[in-house]
Amino acid sequence: MRVLHFLAASAVGALPLVKPVVADDCKTVTPLSDVDLTEFLRATWYTQQQQVVKFQSTDDLYCVAATYALENRTVPFFDGLVISVYNYATEDEVNGEPQNTADGMVLCARLEDANITGKLAVSPCWLPNIAAAPYWIVAIHADDDGKYDWAVISGGQPTELQDDGGCTTSTGSYAGGLWIFSRDPVASNQTLADAQAAAVDLGISLAELNDVPQDGCTYDGALIKPN
Ligand SMILES: *[C@@H]1O[C@H](CO)[C@@H](O)[C@H](O)[C@H]1NC(C)=O
Ligand SMILES: *[C@@H]1O[C@H](CO)[C@@H](O)[C@H](O)[C@H]1NC(C)=O
Ligand SMILES: *[C@@H]1O[C@H](CO)[C@@H](O)[C@H](O)[C@H]1NC(C)=O
């Protein structure tokens, strides 16, 4: 059901994907240009905190995992790099009803400018890039072995000034969003604090973030790439 809801939401929300007005006091946020996508796609990312987006309500914010893969998928009117996106979550509780298993819906992330590897756009694969939502890797960290261990993803430029002086994308819209990813299913407090601090440095507000429980998750049915 949720998948259908997502499809409907994407189709409706995509037409047209209007550029929201940016509040005066919001810092300009830009995607990173030098993300190593091979490393980024190597292993599953576990969402530690995220904003609610229209296709993912707070009911679905359990055991959220994102796995990316190169599978030669194609999208309309585009011959650049397309990355398969497997978004997993469980409903209502840790290990609740799985929302999108490995054989469920796959989204397509498109790299529109090969020189800006942190700038992707995501939507169902049958939609053209113009209807895809911005997915910007705005901060990322590599450990001593060069393996990424956390990342901050913004659904485009934050536009709405919050009381803490930072900005969020518009909450609950089809595009937008903020995700704090970790390679460990349960991030250490230090990892979470580092990722949050990086977001705040960029002028991004944490005010609308929800905690995503991962402790005890078994990821039944999910496509998982081990770290
Ligand atoms: C993608 O296409 C390339 C070139 O045709 C091929 O070598 C590779 O095996 C394909 N990968 C997958 C996952 O299908
Ligand atoms: C990417 O960068 C290279 C080298 O700087 C440049 O030649 C090329 O035109 C750029 N490509 C795009 C799509 O901007
Ligand atoms: C983070 O800190 C809290 C409070 O000190 C502690 O209860 C929790 O277990 C810590 N989380 C992790 C993942 O270490």
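Atoms within a ligand are numbered from 1 in the order they appear, just like the ligands themselves.
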- [ ] Pull out every atom of ligand 1 sitting under 4.0 Å from any heavy atom of Leu70, numbered as shown with elements.
- [x] 13 (C)

Open item on the list: In the structure I gave you, are the side-chain heavy atoms of Leu70 and Thr38 within less than 4.5 Å of one another anywhere?
Closed with: no

Open item on the list: Is it true that Arg110 and Asn129 share a donor-acceptor pair across their side chains at a distance under 3.5 Å?
Closed with: yes

TODO: Measure from NZ or CZ of Arg183 to the centre of the six-membered ring of Trp150, then state whether that distance is under 6.0 Å and the direction lies within 45° of the axis.
DONE: no

TODO: Return the residue, atom name and 0.1 Å-rounded distance of the protein heavy atom closest to atom 4 (C) of ligand 1.
DONE: Asn72 ND2, 4.6 Å

Task: Closest protein heavy atom to atom 13 (C) of ligand 3, given as residue, atom name and distance to 0.1 Å - done: Ala187 O, 3.3 Å

TODO: Please determine, by modelled atom types, if Thr168 and Glu208 share a side-chain donor-acceptor pair under 3.5 angstrom.
DONE: no

Open item on the list: Starting from atom 8 (C) of ligand 3, what is the nearest protein heavy atom, named by residue and atom, and what distance separates them?
Closed with: Asn189 ND2, 3.9 Å

- [ ] Would you please say whether a donor-acceptor pair under 3.5 Å links the side chains of Asp184 and Ser182?
- [x] no

Open item on the list: My question is simple, although I want it checked carefully: is atom 11 (N) of ligand 3 less than 4.0 angstrom from any protein heavy atom?
Closed with: yes

Task: Nearest protein heavy atom under 4.0 Å from atom 2 (O) of ligand 3, yes or no - done: yes

